[in-house]
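Side chains are part of it too, since the values below use all heavy atoms of this structure and drop only hydrogens, waters and symmetry mates.
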Amino acid sequence: MKNELKDFDGFIFQANKIFGDRVYTDYLRLFAYGTDASCYRYIPKVVIIAHNESEIQKLFSLSQRFNTPLTFRAAGTSLSGQACSDNVLVITNTMWKNIQITKDAKTIFCDCGVIGSDANIALARFGKKIGPDPATINNALIGGIFSNNSSGMCCGVKQNSYQTIRSIRVILNDGSIVDTSNNAKEDESIDHFINRHKDKVQSLLELRKEILEDKSLSALIRRKFAIKNTTGYSINALLDFDNIKDILNHIFIGAEGTLAFVSKVEYECVEDYKYKACALLFYENIHCASKAVEILAHNEDIVSAAEIMDYGCLQSVKNLDNIDERILNSKEGQCALLVQLEDSTQEGLESRIKTITKALQNSNSLFGEEFSLDKKQQDSWWKIRKGILPLAAAMRPNKSMVITEDICFEISQFTKGIESITNLFKQFNFNGIIFGHALSGNVHFIITPILDDEKESARFGAFMEAMVDCVVGLGGSTKAEHGTGRMVAPFIEKEWGQKAYRINERIKEIFDSNHLINPDVIISKNPKIHLENFKSSSLVDDYINGCMECGFCEKVCPSKDLSLTPRHRITIQREITRLKNKQYRSQTEEDILDELQKGYQYLGVQTCATCSMCATVCPLEIDTAKIALNAMRDNVSNTQQYIAKQVGNNLGLVVKMAKLSLQITDKASSIIGKETISNFSKKANRILGTPFIPSNMPNKNNYDLKANHAINSNKQVLYFTTCINRAFAPQSKTNNTISLQETFENVCKKAGIEVIYPKRIENLCCGKAFKHYSKANVSKAEETYNELLIAVLNKDIDIVCDHSACSYELINYIKATKDSKSALKIYDMPQYISEVLLNRLNITPLNEDIALYATCSTKKNKQDGLLIKIAKTCTNGEIIIHEPTQCCGFAGDKGFNTPELNQSALRGLKEFYSNKSCKRGYSSSSTCEIGLSHHSGFAWQNLLYLVDETSNTNP
C-alpha cells in the first residue's frame, strides 16, 4: 500500500507540472467526471484533461514509470461500465475535433473527440455519412463509437466500424504512434511499427496461425461474428486478415480503450440515400412482431432498419408532443415495429415499398403496412425510437437503477430468444421492457432493480447468470453493440469457451502486459466485477429525478469545457442529497458535503448560463437551469429583494445610469484604448469581481422614443423595445451605427407600417433582468403585459419585441399566467421580419458572405430557421454558421460578471471564422452580439440592420 501511494503521489506531482490547472483532484469534479451512462459509480483519484497526442505520450510515460492505470474517456455515453475509473481518468474530447474529408468524400478522417452526427453533417453535402449509426450518435464521440464497435439502427454488421475502417492512428503504451493511413510520417508508419515492435507483430501472427490451425475455433469465430458481437476483443481480425496493417486496423475496434489510445480514425463513407420511407407497424403481441421480423430479415438486402418496441416502450413515450394516435390507443401487450426503406431513386424506393408490403401482408399487423414518405412523420417516429432508453428510464420506481442489456440472436432463433427473455423477466420478477435493432437480431432490454437492496442486487446477479446461459444456449451474443465493459467481462469465457478466451487474454498481454490501460474492462480476474460499485439511488427534485445520466445534454451546454455539464450538475445534486439524508455522517463525509456545497456555487451555479438548452436535446426535456435559478433565488435576502424592487420601480433612471456608464467607458476608451481597458477589466474581474468590459462595447443610445414618427398607414405595430436596447446603440465598428429603434422605424416606413410605442416605455421590462428576484421578476412582467394590453385593446395591432431572450421570457410568462383567449400575440423581431416585413418590402440582396448566430432563446422557440430565411433573402452569399455554438454563454449579465463562461463557450470561434470570407455577423440579441464581436474578431449586430440595408419600398 505504501508503494502504491508513493507511485500515485509521484504521478500527481509530475502530472501537475505538465498539465497545470487541467489536473483535478477535488472530490466534486472527481465525482462529476466519474459519471457515465452506466449503472456503475467509480470515483477517480485524479481527472486530467488532455489536449493533444504529445500529452497522451507523456501520460503513458508517467503511467509506466509510476505503475498507475489510465482510463481514456470520450463522451461517457457508455452503458456497460467501460468508461469508469477509480485511478486516473483522462478526458479527451474538447480539443480533438478535427475532421478531414478526402476527395469525392470517399473517406473521412475524424479525431477521437468528433461527435458522430457532426461527421455526418460535414458529409451531408456529398450525400454521404459514416457507417455506424448508434442511437446516441448526436452525442457519442468517434473514439467511443470506434472503441465499442457501435452499430445502431441501419448499419447492422455490414457498415459498422469493423467493416468501414480504412486507417487508424493510435498511441501505444510505450508512447509510440502507429498511423496506418497512406499519408503517415515515416517514423509513425506501419513499416516503422513492424520494425520497432517485432515482438508484437510476431505474437499477433502466431495467434492467427493458431486460430487457422484449429478448424472448430475458426468456425466458431466466423459463426459468432456473422451476427452483432462485441463480447471480448475483435478476434475475428486475426482470422479475416493476413496483413499486419489490416489486423491492426481491426484489432483495436471494440477494444474499449484497453489496448492503446485511439487518436484518429479514417472511415470509408457510405451513401446516405436521398429517398426514404418509414412504416410504424403494430402487432397484437411481441411474438407476432418477432415473426414479422423474420420476414423482414429474409429481405434484409432491401430493408434498412426494423426497430422493435414492446408495450412498455409505447407506454414510456405517450407524453411526447404530437404522438401517433395508435400509440396513445395501444392496448396491453401490443408492440410496434419501425421499418425503414431507402434508395437512391424514387422509383427504386417505390419498388422496395411494394416488395415489403407484399411480404408483410400475412404478418397480421393491426393497421396494415402503409409506408410514409413524409420526412416530418418519419422524424417523429425516429424521435420516439431514439428516446426510448432515457424515456423508459424516467418511469423507473423510486431508488431503482437503470440496467440496459444488449444481446443478439441469429434470426432463426430470434423469436425463441425474445420469448426466453420475457420468461426471465417473469422468473426474476422484473418489469422489463424490450426494444432494439430487430433486423439484426439485436435486442435491448431494460430492467430497474433497486441495487441498494441486497436481495434485489442478488436477484439481478442471478438474472444475469440465467440470461447469459439463455443467450449462449441459443448461440447468441451476450453483447451485441454496447461493448463488453464490466457488465459482461465475467461471462466472456462462458460465451466463447476456454480457447477463445485465452486468445482474448493474450491480445491484452501483447499490448498491455501490466494491465495499466483501462483495467477490469473486458479482461478481469474479478468474477463479481459486474455486481460491484453500483451508483447510489438518491431522490432529488422531481424535475431532475428521471435523469439516467445519459449525457445527451452535454454537447449543447456552454459551460461543458469550463466547469460542469448538466449531467454533472444533476449527479452532484444527487450526491449532496445522499449525504444530507444520511442519519449519521462521519467527519470525512461532513467535509465532503461541505466541499460539494461550496464548490457547487461556482461550478454549478455561477457558471451555469441558465439557457436551458439542455432541455432541448434531453428526451425528458429536463431543464437543469432550474437548479442554478432555484439556488440563486434561495440565496437572495429580503434586503436584496427590496433593492431589486426599487430598481424595477425606477428602471428609467437605471437605464439612464447605464447610458452614462457607456458614455464614460467610450470616453476612456478613446484615451486609453479599448483593448487596454478590456484587458485591465478582465484582470480586475478575476481579482476583485468587478465587471469585465469587452473590447466591442456598444455606444450610448441617444434616440428619443417620444418623437412623433407617424406615417399615413392603415397598419400599425406596437414596438416594445427592451431596456437593454434602450440603453445600447451599435458599436463604432459596425456598418450602421444608428439606433435599433430608428432602424426599425426606417424599415417599417418602407413597409408602410406606423410604429407606436407603449406608454411608460422607459420603465417597462420583460422581467428577465430580475430573474433571480422572484417578486420583481413577476412584477415587471405583469406591468409590461398590462401596458401592452392597454395599448392594443380592441385594436388590430401587432406587437414586436427587439431582443430574442426578452421575447421568449415575456411570451412564456403570458402562456403560463394568462388565459389563452386574452393572451397577447407578441412577435420576436426575426419572426416579425419574416412573417410581416419581408412581404411588404422589395429586397435587393447583397453578394456577400455573412455570419449568422441564432440565440438559444430563438432555438428554444423553434424560430432559428427564420433567421436563415431572412439572411438568404438579403444576400446571395454563403450563410456561415458555427454549428458547435448552441449557446454563446453571454447569458445577460454573466458576460460581464463571469466572462470566462462566454470565452469558453465561444472557444474556436475566431479560428473558425478566420478561414471564412465573412466580415460581419448578425443575430437578434444585443448582449450576445457583444460577446460574438469580442471573440470572433469582427462586428455583429441585429439582423434588422441587414434588412434595412437591402430593402426598398415594395412598389
Subject >> cation_pi(R459, F430) dist<6.0 Å, angle<=45 >> reply: yes

Original post:
Counting distance only, does the side-chain N/O of D86 pair as donor-acceptor with the main-chain N or O of P44 below 3.5 Å?
Top reply: no

Original post:
Are T71 and N518 close enough that a side-chain donor and a side-chain acceptor fall under 3.5 Å?
Top reply: yes

Subject >> Side-chain donor/acceptor of T258 to backbone N/O of A255, under 3.5 Å >> reply: yes

Original post:
L389 versus I446: any side-chain heavy-atom pair under 4.5 Å?
Top reply: yes

Subject >> Flag side-chain contact, heavy atom, 4.5 Å: I403 against L451 >> reply: yes

**OP:** Would you sort out whether N533 and Y40 count as a side chain to side chain donor-acceptor pair (under 3.5 Å), showing the intermediate values?
**Re:** CA-CA 6 Å; N533 293 294; Y40 299 106; over 6 Å; no

Original post:
To the nearest 0.5 Å, what is the distance between CD (E268) and NZ (K128)?
Top reply: 10.0 Å

**OP:** Run the salt-bridge test on D179 and K264 with the 4.0 Å N-O cut-off and return the result as yes or no.
**Re:** no

Subject >> Any side-chain donor near an acceptor of the partner, T230 and E481, under 3.5 Å >> reply: no

Subject >> Closest non-hydrogen atom pair between N526 and K528, with its separation >> reply: OD1-N, 2.9 Å

Original post:
Do F511 and F252 make the cut of ring centroids closer than 6.0 angstrom?
Top reply: yes

**OP:** Determine whether more than 12 heavy atoms belonging to other residues, nucleotides or ligands lie under 6.0 Å from atom OH of Y273.
**Re:** no

Original post:
How about F445 and F463: are their ring centroids closer than 6.0 Å?
Top reply: yes

Subject >> Check: L89 main-chain N/O paired with R73 side-chain donor or acceptor under 3.5 Å >> reply: no

**OP:** State, to 0.1 Å, how close S203 and I510 come at their nearest heavy-atom pair, and which atoms those are.
**Re:** CB-CD1, 3.6 Å

Original post:
Is a side-chain donor-acceptor pair under 3.5 Å present for E53 with Q57?
Top reply: no

Original post:
Can the ring centroids of W96 and F261 be said to lie less than 6.0 angstrom from one another?
Top reply: yes

Original post:
So, for G232 and T484, which heavy atoms are closest and what is the spacing to 0.1 Å?
Top reply: N-OG1, 2.8 Å

Original post:
With side chains defined as the heavy atoms from C-beta onward, is the minimum distance between L204 and L238 less than 4.5 Å?
Top reply: yes

Subject >> Separation of L123 CG from I108 CD1 (nearest 0.5 Å) >> reply: 4.0 Å

**OP:** Nearest 0.5 Å please: distance from the CD1 atom of I101 over to the SG atom of C269.
**Re:** 7.0 Å

**OP:** Mind checking the CG-CG spacing from L296 to L337? Nearest 0.5 Å is all I need.
**Re:** 6.5 Å

**OP:** Please tell me if the side chains of S151 and K228 come closer than 4.5 Å, counting only heavy atoms from C-beta onward.
**Re:** yes

Original post:
Are any of the side-chain heavy atoms of T164 and I130 separated by less than 4.5 Å?
Top reply: no

Original post:
Using a distance-only test with no angle check, is there a side-chain donor-acceptor pair under 3.5 angstrom linking H192 and E186?
Top reply: no

Original post:
Do side-chain atoms of N243 reach the backbone of K245 as a donor and acceptor pair under 3.5 angstrom?
Top reply: yes

Original post:
Shortest non-hydrogen contact from G475 to E410?
Top reply: O-OE2, 4.4 Å

Original post:
Should E505 and R502 count as an ion pair when the cut-off is N to O under 4.0 Å?
Top reply: yes

Original post:
In terms of side-chain heavy atoms, does S161 have a donor or acceptor partner in Y267 at a distance below 3.5 Å?
Top reply: yes

Subject >> Test log, rule side chain to side chain donor-acceptor pair (under 3.5 Å), inputs T35 and R41 >> reply: CA-CA 6 Å; T35 302; R41 172 78 70 208; 2.6 Å; yes

**OP:** Carefully, step by step, assess S477 and K224 under the rule side chain to side chain donor-acceptor pair (under 3.5 Å).
**Re:** CA-CA 7 Å; S477 312; K224 288 187 66 60; 4.7 Å; no

Subject >> Residues E405 and H444: side-chain donor-acceptor under 3.5 angstrom >> reply: no

**OP:** Taking N442 for its side chain and D406 for its backbone only, find out whether a donor-acceptor pair lies under 3.5 Å.
**Re:** no

Subject >> Donor + acceptor pair across side chains of S181, N183 (<3.5 Å) >> reply: yes

Original post:
Looking at E256 and K479, does any basic side-chain N land under 4.0 Å from a carboxylate oxygen?
Top reply: no

**OP:** Find out whether N67 and D7 are in side-chain contact, i.e. whether some heavy atom of one side chain is under 4.5 Å from a heavy atom of the other.
**Re:** yes

Subject >> Salt-bridge criterion met for R169 and E266 (N-O under 4.0 Å) >> reply: no

Original post:
Can you check whether L220 reaches W496 side chain to side chain, under 4.5 Å on heavy atoms?
Top reply: yes

Subject >> Ionic contact status for D214 with K499, cut-off 4.0 Å >> reply: yes

**OP:** Determine the minimum heavy-atom distance between S176 and R196, stating which atoms define it.
**Re:** CB-NH1, 3.5 Å

Original post:
Are there more than 12 heavy atoms of other residues, nucleotides or ligands under 6.0 Å from atom CG of D187?
Top reply: yes

**OP:** Examine the side chains of N148 and Q82 and answer whether a donor and an acceptor come within less than 3.5 Å of each other.
**Re:** yes

**OP:** Applying side chain to side chain donor-acceptor pair (under 3.5 Å), run through S38 and D36 and close with a yes or a no.
**Re:** CA-CA 6 Å; S38 74; D36 72 356; 2.7 Å; yes

Subject >> N87-Y42 side chain donor-acceptor pair, cut-off 3.5 Å >> reply: no

**OP:** Check whether more than 12 heavy atoms from other residues, nucleotides or ligands sit under 6.0 Å from atom NZ of K291, and answer yes or no.
**Re:** no

Original post:
Nearest 0.5 Å, what's the CD1-CE distance between I447 and M401?
Top reply: 12.5 Å

**OP:** Tell me, with the steps shown, if E213 and R208 meet salt bridge (Lys or Arg N to Asp or Glu O under 4.0 Å).
**Re:** CA-CA 9 Å; E213 289 176 349; R208 170 176 163 76; over 6 Å; no

Original post:
Hey, is the main chain of A237 close enough, under 3.5 Å, to the side chain of H250 for a donor-acceptor pair?
Top reply: no

Subject >> F109 side chain near S167 side chain, heavy-atom distance below 4.5 Å >> reply: yes

Subject >> For S363 against I295, the heavy-atom pair lying closest together >> reply: CB-CD1, 4.2 Å

Original post:
Distance from I137 atom CD1 to K129 atom NZ, nearest 0.5 Å?
Top reply: 8.0 Å

**OP:** Ignoring hydrogens and angles, state whether a donor on the side chain of S63 or T68 is under 3.5 Å from an acceptor on the partner side chain.
**Re:** no

**OP:** Measure from the side-chain N and O atoms of N160 to the backbone N and O of P132, and report whether any donor-acceptor pair falls under 3.5 Å.
**Re:** no

